[in-house]
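Order of the sequence lines sets the chain letters (A, B, ...), proteins ahead of strands, with each chain counted from 1.
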Protein chains: 2
Amino acid sequence: MALEHAILVSLDERPGTGYELARRFDKSIGFFWAATHQQIYRTLKRMDELHWVTAEEITQDGRPDKKVYRVSEPGRQELRRWLEEAGEPATIRHDLSVKVRGASLGDPDQVAAEVARHRDQHAERLDVFRAIEKKDFPDPSALHGRRLHQYLVLRGGIRAEQALVEWCDEVLEAMRGDVRRESREDGVR
Amino acid sequence: MALEHAILVSLDERPGTGYELARRFDKSIGFFWAATHQQIYRTLKRMDELHWVTAEEITQDGRPDKKVYRVSEPGRQELRRWLEEAGEPATIRHDLSVKVRGASLGDPDQVAAEVARHRDQHAERLDVFRAIEKKDFPDPSALHGRRLHQYLVLRGGIRAEQALVEWCDEVLEAMRGDVRRESREDGVR
DNA sequence: CTGTCCATGTAATTCGTTACATGATTCA
DNA sequence: TGAATCATGTAACGAATTACATGGACAG
């Protein structure tokens with residue numbers, strides 16, 4: 001499990017509260033690791049017990065008290081250990097592929113519509129990523145260290161979304177062709 | 001959750017035992033949906049209770065008895081319902097990206113080595129997929145219906161693995177460049 | 001005679017999801 | 001006046017992971 005490690009990486013970049021982390025997991029980090037606020041709170045609690053992070057309680061008035069977490073030395077050690085550990089390739093669970101593969105058991109046009117929906121969502125994401133790339137990393141060749149690594153992860157997101165958009169387009173075209181062929185055969189019969 | 005739907009699709013293509021399904025999830029279907037035999041047995045049991053599948057018990061001697069499952073009408077209905085339902089884009093959990101993003105907190109060279117390992121695994125998978133493509137789908141333009149849909153899912157696997165290999169290469173090149181730059185700066189200091 | 005294949009499962013634990021709850025503040 | 005933001009959490013449930021267990025057949 002890498003949620004704790006994703007949190008360690010994020011907290012090392014900048015200490016923060018569970019709430020703040022949850023919002024980071026809605027954007028930047030969330031582009032390659034999904035997590036809800038409940039998962040994050042639960043995990044932070046456990047990490048605190050393991051002394052991987054320290055919590056500084058800050059009483060506020062006008063708004064709820066908060067706990068600012070920072071990575072501690074044992075946490076940094078754990079991260080280093082994990083970074084060098086060999087991991088398995090990510091397990092894939094791709095609903096849309098299941099739907100495409102099962103399309104002929106239902107209405108293929110409906111499945112195609114679903115593919116089109118996903119295509120648009122991925123295209124939107126791709127635009128977002130490309131906008132971030134342009135704005136935050138205008139000169140990639142000058143990057144190094146942490147900034148370079150952030151950029152490379154973003155590049156991964158761009159490549160992944162692009163591949164998905166292209167695949168959806170391939171599927172849509174092929175399925176449209178299949179419908180045309182079928183109706184032509186109907187006409188011949 | 002789509003495990004039950006992946007099972008329905010697979011059982012519709014060919015009835016089989018839990019054990020057999022587990023092996024299909026190690027190959028073809030497993031290329032886009034991962035599942036272990038425990039997950040499959042548990043899910044099959046539940047699906048049987050819901051009458052989505054029927055189980056035919058076959059006593060054997062010399063080897064354990066087995067249950068051959070087939071999709072029943074309510075199961076086919078459920079599949080049709082699910083196929084037309086709008087789903088969310090898959091949630092991503094990509095360990096390797098977390099490692100790349102955190103590389104500067106450990107030894108970047110070690111992380112690069114891990115990226116190289118993954119690159120090779122993805123390249124191997126890509127070769128497997130391409131071999132299947134050549135062997136099972138020599139003339140894609142002639143495909144239609146179920147065979148077309150199987151082919152399209154395979155195409156998705158090919159595109160995904162290709163994108164991953166290319167990304168790993170980009171990461172490796174950039175990280176090598178970064179090391180060179182750092183050591184040059186060391187020399188200047 | 002060791003290991004892999006067939007075939008099924010239980011048990012324990014962790015992880016992920018969804019819903020519910022609180023309560024002041026700020027902005028439209 | 002109502003919605004969103006900040007900030008934390010509990011509770012319940014469902015899903016996934018990992019380990020353990022059985023036992024004959026057959027190949028190297």
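Ion pairing between B:E84 and B:R80 fails under the 4.0 Å rule for side-chain N and carboxylate O. No salt bridge links B:R146 with B:E13; every basic N to acidic carboxylate O contact stays at or beyond 4.0 Å.
In this structure, CD1 of B:I92 is placed 15 Å from P of C:dG16, rounded to the nearest angstrom. Distance, B:R93 CZ to D:dA15 P: 15 Å, rounded to whole Å. Atom CD of A:Q39 and atom P of D:dT10 are 16 Å apart (whole Å). In this structure, NE2 of B:H5 is placed 11 Å from P of D:dA15, rounded to the nearest angstrom. Rounded to whole Å, the distance from CD1 on A:I40 to C1' on C:dC15 is 14 Å. Here the C1' atom of nucleotide C:dG9 and the CG atom of B:L21 are 16 Å apart, to the nearest Å. Atoms CG (B:D26) and P (C:dT4) sit 15 Å apart, rounded to a whole Å.
Here A:R125 contributes atom CZ and A:I158 contributes atom CD1; the two are 12.5 Å apart, rounded to the nearest 0.5 Å.
OP1 or OP2 of D:dT18 has not a single side-chain nitrogen or oxygen of B:Q38 nearer than 4.0 Å. Dashed line: the shortest gap from a side-chain N or O of A:R46 to OP1 or OP2 of C:dT14 is not under 4.0 Å.
For C:dG16, its base sits under 3.5 Å from the side chain of A:R42 at one donor and acceptor pair at least.
The list of ring-ring contact (aromatic ring centres under 6.0 Å, His included) pairs with a residue in residues 39-64 of chain B, not counting sequence neighbours, reads B:H37-B:Y41.
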> Could you run down nucleotides 3-8 of chain D 5' to 3' and tag each one B, S or - for protein heavy-atom contact under 4.0 Å?
Replying inline: --SBBB
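For CD of A:E73, the number of neighbouring non-hydrogen atoms (other residues, nucleotides, ligands) closer than 6.0 Å is greater than 12.
Using a 4.5 Å heavy-atom threshold, the side chains of A:Q39 and A:L3 count as touching.
In this structure, A:L164 is not a member of the same hydrophobic cluster as A:L172, with clusters built from ILVMFWY side-chain heavy atoms closer than 4.5 Å.
Residue-to-nucleotide proximity on DNA chain D shows that, of B:W33 and A:K45, the 5′-proximal contact is made by A:K45.
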